[in-house]
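Since the structure comes first, as structure tokens, the remarks are kept for the end.
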Amino acid sequence: MGMVPTKSAPESGFFMFKADPSTDVQDFWTRWFSPALAKHSRMNLVLTCKGDLHVDDHHTTEDCGIVLGQAFKQALGEVKGIARFADAHCPLDEALSRAVIDISGRPYADVNLQLTREKIGDLSAEMLPHFLHSFATAAAITLHVDVLKGTNNHHMAESAFKALALALRKAVARTSFSDVPSTKGTLNA
């Protein structure tokens, strides 16, 4: 499994998913959440996955979060001249979600999606917060994602991922400063 930021994507926010044809990778994941994350964060991503869905969706989803977090951290490089802190809200019909990010070098995630269904499409609903925890840990960011209201689990989850994407885009935005945005002078501790 691997994910790398692409330099030759046709437009910003491009997402391509390549799955091993012998595995039944979650259609819902690849058609909604990952493309929304790429599109609204303006990250160009290519994800290749060979999962063990014959067991369950845990390791495949977790590994996608880990690899995406690692790719994010690698693509960001030395953390200088960026906003660092960001928040975003995103509605989707009746659902409203908030994401707050600190590119701190300290991995932490607090995720409250308020999902009530066991599955969304063919993906276990419990895997969505787990994906976000895995992403935050591998990216070494502090992440808070909350669904503030909603009744449709699909809308709630999708609005959460879009809020995350918007917050990521704002957090990595270049500022007029060229220093590390920390009073310690580093974000690696």
Side-chain angles (χ1 to χ4, degrees), residues 1-7 9 12-17 26 29-30 32-49 51 57-90 97-113 123 126-147 157-175 179-189:
M1 175 173 310
M3 179 177 292
V4 293
T6 63
K7 301 279 189 217
S12 188
F14 170 79
F15 175 79
M16 182 176 8
F17 186 84
Q26 298 97 327
W29 175 253
T30 60
W32 294 104
F33 295 131
S34 296
L37 190 60
K39 181 68 173 178
H40 298 292
S41 67
R42 301 293 190 229
M43 290 188 288
N44 298 328
L45 306 170
V46 175
L47 174 63
T48 303
C49 176
D57 55 6
H58 181 94
H59 291 117
T60 301
T61 304
E62 177 180 56
D63 290 348
C64 286
I66 291 169
V67 169
L68 178 60
Q70 291 170 339
F72 175 81
K73 186 175 181 181
Q74 179 184 357
L76 196 55
E78 188 175 10
V79 184
K80 286 186 172 185
I82 63 165
R84 177 182 166 182
F85 303 100
D87 67 322
H89 289 80
C90 185
S97 296
R98 171 187 59 217
V100 182
I101 295 173
D102 177 7
I103 300 178
S104 61
R106 293 182 311 277
Y108 179 80
D110 184 40
V111 180
N112 299 291
L113 301 183
L123 181 64
E126 69 182 358
M127 292 315 305
L128 294 172
H130 188 60
F131 169 88
L132 295 171
H133 282 268
S134 299
F135 170 76
T137 300
I141 64 172
T142 298
L143 173 64
H144 293 263
V145 179
D146 299 284
V147 171
E158 189 173 343
S159 73
F161 272 72
K162 287 179 178 177
L164 169 61
L166 294 171
L168 284 170
R169 181 170 47 161
K170 290 164 66 173
V172 302
R174 294 287 168 199
T175 67
D179 62 340
V180 174
S182 170
T183 55
K184 297 183 298 184
T186 182
L187 291 172
N188 296 324

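What you see is a predicted model; the values in this text were computed from it and never measured.
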Review point. Would Ile82 and Ile103 count as a side chain to side chain contact (heavy atoms under 4.5 Å, CB included) if you check the C-alpha gap in whole Å, the side-chain angles of each, and the deciding distance to 0.1 Å?
Key: CA-CA 9 Å; Ile82 63 165; Ile103 300 178; 3.9 Å; yes

Review point. Can you list the steps and then say if Asn112 with Asp110 is a side chain to side chain contact (heavy atoms under 4.5 Å, CB included)?
Key: CA-CA 7 Å; Asn112 299 291; Asp110 184 40; 3.6 Å; yes

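Considering every non-hydrogen atom in both Ala136 and Pro107, the closest pair reads O-CB, 3.8 Å. For Ser159 against Cys90, the heavy-atom pair with the smallest separation is CB-O, 3.4 Å. Contact between Ala99 and Ala167 at its shortest, heavy atoms only, is O-CB, 3.8 Å. Scanning both residues, Lys73 and Ala138, for their nearest heavy atoms gives CD-O, 3.8 Å. Of all non-hydrogen atoms in Val172 and Leu76, the two that sit nearest each other are CG1-CD1, 3.7 Å.
Taking 4.5 Å as the limit, some side-chain heavy atom of His144 sits within range of a side-chain heavy atom of Tyr108. Arg98 places none of its side-chain heavy atoms less than 4.5 Å from the side chain of Val145.
Listed for the Arg174 side chain is a donor-acceptor partner under 3.5 Å among the backbone atoms of Lys80. The closest donor-acceptor contact from the side chain of Thr61 to the backbone of Leu128 lies at 3.5 Å or more, if one exists at all. Counting only distance, with no hydrogens or angles, the side chain of Lys170 and the backbone of Asp87 share a donor-acceptor pair below 3.5 Å. Not a single donor-acceptor pair under 3.5 Å links the side chain of Ser41 to the backbone N or O of Ala165.
By the salt bridge (charged side-chain N to carboxylate O under 4.0 Å, His left out) test, Arg169 is found to be paired with no residue, residues two or more places apart in sequence or in another chain being considered.
Considering Thr142, Asp102, Ile101 in turn, Asp102 is the only one that fulfils the side-chain contact (heavy atoms from CB on, under 4.5 Å) rule with Phe85.
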